[in-house]
Amino acid sequence: MRGFSELNPAVLMLYYICVIGTAMFSMHPVIIILSFIGSAALLVTLEKRPHLKLHLSFFLLFLVMSLINPIWYHNGVTVLFVVNDSPITLEALLYGVFAAGMILGVLYRLRTFTMIMTADKLMYVFGRFSPKLSLILSMALRYVPLMRTQTGKIRRTQKALGIYRGDNIADTLKGEVRIFSIMATWSLENGIITADSMAARGYGEHRRTSFSIFRFGKGDILFLILCIIPTALIIWSFAAGEVNFSFYPAMSGISDSPLAVTCYAAYGFLSCLPIILEWKEELRWKYLMSKI
Amino acid sequence: MEILDVKDLNFTYPKAGSPTLKNISFSVNEGEFIAVCGATGSGKSTLLRLLKPELSPLGEISGSVSFCGKPVSQCRSASEIGFVMQDPEHQIVTDKVWHELAFGLENLGLPQKSIARRTAEMASYFGIGDKFDKNISELSGGQKQLINLASVMVTEPKLLILDEPTAQLDPITASDLINTVRKLNRDLSLTVLIVEHRLEDIIPVCDRLLIMDSGSIIEYGDPRDVISRIYDRPEIMRAMPAAARISAFLGEKNCALTVREGRELVRSYDNSRVLHTDHDDRKKTNNSEKTSPVLEFKDIYFRYERSLPDVLRGLTFSVYEREIFCILGGNGSGKTTTLGIASGIMKQYAGNVLVFGKKIKDYKNQSLYNECIALLPQDITTVFLRNTVREELEDADVDTSSLPFDLTPHLDKHPYDLSGGEKQLAALAKVLALKPKILLLDEPTKGLDAGAKNTIMELLRKLTDSGMTIIAVTHDVEFAADTADRCALFFRGEIVSDAPPEEFFSANSFYTTAASRITRGHFENCVTAGKAAELCMLNGKRGAE
């Protein structure tokens with residue numbers, strides 16, 4: 001099997017829907033912890049250099065979110081202390097911590113999503129619905145940076161010509177308006193060249209097919225199975241009401257029925273599946289390297 | 001076998017008074033390499049577009065175009081006739097190299113497997129396999145044009161039409177592209193029709209040369225014969241290779257096309273009587289004066305980002321009043337960056353730039369751009385912001401009557417609709433209104449035909465005569481040899497040699513003009529075709545006495 005990020009984009013998409021979907025609808029502490037561990041480990045593996053600033057800001061977010069809940073909600077039976085006649089309870093504090101942990105887990109997971117699902121992979125997934133949509137997306141992806149560069153170029157040229165001087169706001173504004181309007185002309189002008197080039201290469205003459213460089217192989221099927229079975233188990237146990245957990249007024253205990261334990265295991269597996277794959281690939285690579 | 005046959009083709013654009021094409025008849029055999037030339041506005045592009053039904057302009061048309069024996073409109077022309085345009089950037093449709101290559105095949109509705117095979121094959125043939133899943137925006141202009149060519153070739157066309165494919169490229173990538181086209185022509189017996197302004201590389205390899213003038217074909221045939229028949233048309237000869245121009249000046253019956261043939265020709269005139277002529281007077285006075293420098297670079301270091309390598313490393317040079325200083329050098333050697341720093345758009349991290357003896361950062365509140373320095377960028381369209389040339393000039397307070405050239409016929413056109421040379425002139429008009437003392441030009445001759453180039457060269461000389469100093473960054477060695485007072489070679493972020501053009505180009509053996517390569521060893525300090533012919537004349541043909 002290939003590494004996680006090299007799987008077929010449609011399969012990756014399905015995985016993200018499963019893992020985020022189940023994490024978002026559960027406030028069960030075990031699920032939240034497993035979700036956080038899995039996504040944080042994947043993010044750290046994918047980052048070549050750790051973005052310390054990012055992690056710090058995520059941690060601050062986590063602190064703020066965990067503290068807001070006990071300040072505003074005073075439910076719960078275990079009073080820790082009283083501030084301004086309002087009781088701060090252990091239950092509300094833990095609820096805040098786990099809610100923040102759930103959100104952080106999902107945010108980490110989404111961050112890995114943007115790192116793995118590059119524009120061309122997303123386009124492949126959505127392009128399945130229609131070859132035209134995929135072409136439009138691809139053209140947009142090309143056009144936006146092109147337009148940004150051109151605007152920058154125009155701005156520099158005008159600066160070096162010193163025509164729209166930066167020393168008064170009215171003049172600057174006038175210059176910006178002019179740049180905006182010439183960009184509209186520029187887009188139309190170049191749109192004609194692009195349209196010519198498309199027509200010259202036979203666009204619109206036949207029914208289009210959509211080519212992609214992504215393959216759907218045995219590894220993808222295996223991964224699909226490994227992804228769908230645990231998800232089905234999780235949903236089943238959720239539906240059966242075996243993995244409920246309530247914080248208020250007093251915390252309920254963590255269930256240890258066979259179905260609940262299966263669900264924890266299934267979720268742990270699902271959450272850590274990418275990281276297992278990545279590690280497996282690394283080990284295999286090291287082994288192969290040793291033979292060179 | 002005849003692949004293309006055009007008979008009595010006439011074409012008039014809607015609302016145009018006179019026809020753009022008049023009685024065009026010619027035929028092309030399979031596997032031929034045809035070069036089409038003519039001044040801007042002679043109808044070359046219109047003719048090429050009429051050969052490709054998908055791109056044919058609307059208008060009144062008579063006559064016939066047949067392709068492989070059938071009228072061209074009944075052919076599968078989308079895949080059988082390939083068309084490459086001038087602008088490398090906007091012909092590209094998608095964002096990835098692989099998608100661009102697959103685009104034409106997707107349009108034909110081919111299945112996944114054959115698209116995979118053909119794109120892979122093309123990528124290997126064009127040597128772009130390693131760029132297959134790159135973003136197109138990461139590629140250089142030359143690579144983009146190569147992708148355009150490859151993405152047309154995937155549908156296996158029988159006829160390839162190229163409309164000034166190298167106009168936006170530097171000379172080295174341009175000749176690479178021409179060589180690739182030549183290779184396709186030889187390997188696949190692909191028929192090629194190519195319009196070009198830069199004929200030095202094309203003429204020696206083409207099978208037939210087609211010359212157009214104001215909507216008609218004036219000559220069509222073997223390039224050697226064709227050129228020897230138009231010796232008396234200086235406006236067309238100007239675009240021809242240096243060897244051909246020397247032959248024309250000398251009235252040689254057998255026209256030389258390549259540097260090798262040119263050398264043979266010059267050898268027959270070399271009887272060591274006169275080896276060099278004096279430099280012309282203008283340059284002499286300029287060099288002897290040695291006025292104070294108007295622009296000085298002192299030990300400049302620059303990089304775009306902290307983690308990137310230096311672009312300029314200890315760059316030091318001075319430019320003196322009323323001179324035309326040309327900076328030559330390969331891509332990415334830092335030429336454009338130098339202009340950016342001189343115009344204050346970019347900031348060096350070490351060293352000083354002095355403009356009229358004052359540090360550039362001491363020019364506060366844009367006073368640097370106030371009757372002092374102006375920069376014309378490479379992409380000249382970025383100069384224009386309005387819908388007509390008239391508004392453009394009014395914005396900049398240009399007095400059209402005081403300009404050294406005439407823009408009145410173009411006042412009501414959109415600046416984007418002007419030809420390359422007209423754009424350059426309109427932009428210059430805008431800049432001249434700022435009354436700069438130092439004018440910085442980035443590739444002023446890019447994409448221009450020989451006539452427009454000549455106009456620009458004469459204009460620049462006029463400007464320096466009236467007291468302006470001009471610094472031009474260019475790839476165009478012929479332009480530098482003709483116009484510059486001093487040339488400098490840029491390499492790895494510094495200037496490695498600088499001298500007047502005669503010395504500069506005679507000392508270089510590769511980075512030099514064709515005329516210099518032709519006369520090397522026979523005449524001294526001769527870098528232009530005109531001078532070479534003059535020396536030949538002064539010497540007289542060997543054995544003629």
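Convention: sequence-line order gives letters A, B, ...; per-chain numbering from 1.
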Side-chain donor/acceptor of [X] to backbone N/O of [Y], under 3.5 Å:
X: N107(B); Y: R201(A); result: yes
X: K153(A); Y: T382(B); result: no
X: T157(A); Y: V383(B); result: no

With chain B as the partner chain, list the residues of residues 139-149 of chain A whose heavy atoms fall under 4.5 Å from it, by residue number, and write 'none' if nothing qualifies.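 Under the 4.5 Å heavy-atom cut-off, M139(A), L141(A), R142(A), L146(A) qualify.
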Between R207(A) and chain B, with a heavy-atom cut-off of 4.5 Å, which part of the residue counts as in contact: side chain, backbone, both or neither?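 Interface part for R207(A): backbone (N, CA, C, O).
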S181(A) versus chain B, the contacting section by heavy-atom distance below 4.5 Å: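 Side chain only.
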Where does [X] contact chain A at under 4.5 Å (heavy atoms): side chain, backbone, both or neither?
X: R49(B); result: side chain
X: N387(B); result: side chain
X: L108(B); result: both
X: F132(B); result: side chain
X: E80(B); result: neither

With side chains defined as the heavy atoms from C-beta onward, is the minimum distance between T119(B) and F211(A) less than 4.5 Å?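 In short, these two side chains touch, coming nearer than 4.5 Å.
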When you look at [atom1] of [X], are more than 12 heavy atoms from neighbouring residues, nucleotides or ligands closer to it than 6.0 Å?
X: Y304(B); atom1: OH; value: yes
X: Q112(B); atom1: CD; value: yes
X: L60(A); atom1: CG; value: yes

Can you tell me how far the [atom1] atom of [X] sits from the [atom2] atom of [Y], to the nearest 0.5 Å?
X: Y416(B); Y: T185(A); atom1: OH; atom2: OG1; result: 6.5 Å
X: S343(B); Y: R156(A); atom1: OG; atom2: CZ; result: 10.0 Å
X: I182(A); Y: T381(B); atom1: CD1; atom2: OG1; result: 8.5 Å

Smallest separation among heavy atoms of [X] and [Y], with atom names:
X: G202(A); Y: A78(B); result: CA-CB, 3.5 Å
X: L110(B); Y: T209(A); result: O-OG1, 2.8 Å
X: K159(A); Y: I345(B); result: NZ-CA, 4.5 Å
X: Y203(A); Y: F103(B); result: CD1-CZ, 3.9 Å
X: R215(A); Y: A116(B); result: NH2-CB, 4.3 Å

Chain A-proximal positions within residues 86-94 of chain B [heavy-atom distance under 4.5 Å]: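 Within residues 86-94 of chain B, the residues under 4.5 Å from chain A are D87(B), E89(B), H90(B), Q91(B), I92(B), V93(B), T94(B).
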Top residue by heavy-atom pair count (under 4.5 Å) with chain B, among I213(A), I192(A), T194(A), L137(A)?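 Of the options given, most contacts go to I213(A).
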What class does the angle between the rings of F214(A) and W98(B) fall in, given that below 30° is parallel, 30 to 60° is tilted and above 60° is perpendicular?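 The arrangement is perpendicular - the two ring planes meet at more than 60°.
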Between chain A and each of A102(B), S151(B), G82(B), count heavy-atom pairs under 4.5 Å; write down the option with the most.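 When all of A102(B), S151(B), G82(B) are compared, S151(B) has the most.
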Full working for side chain to side chain contact (heavy atoms under 4.5 Å, CB included) between M85(B) and S197(A): CA-CA 8 Å; M85(B) 293 177 268; S197(A) 156; 3.6 Å; yes
So, using salt bridge (charged side-chain N to carboxylate O under 4.0 Å, His left out) as the criterion, who are the partners of E176(A) when residues are at least two apart?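 If we apply the salt bridge (charged side-chain N to carboxylate O under 4.0 Å, His left out) test to E176(A), skipping adjacent residues, the hits are R155(A).
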Sequence neighbours excluded, which residues qualify as salt bridge (charged side-chain N to carboxylate O under 4.0 Å, His left out) partners of R208(A)?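 Once residues adjacent in sequence are excluded, the partners of R208(A) under the salt bridge (charged side-chain N to carboxylate O under 4.0 Å, His left out) criterion are E106(B).
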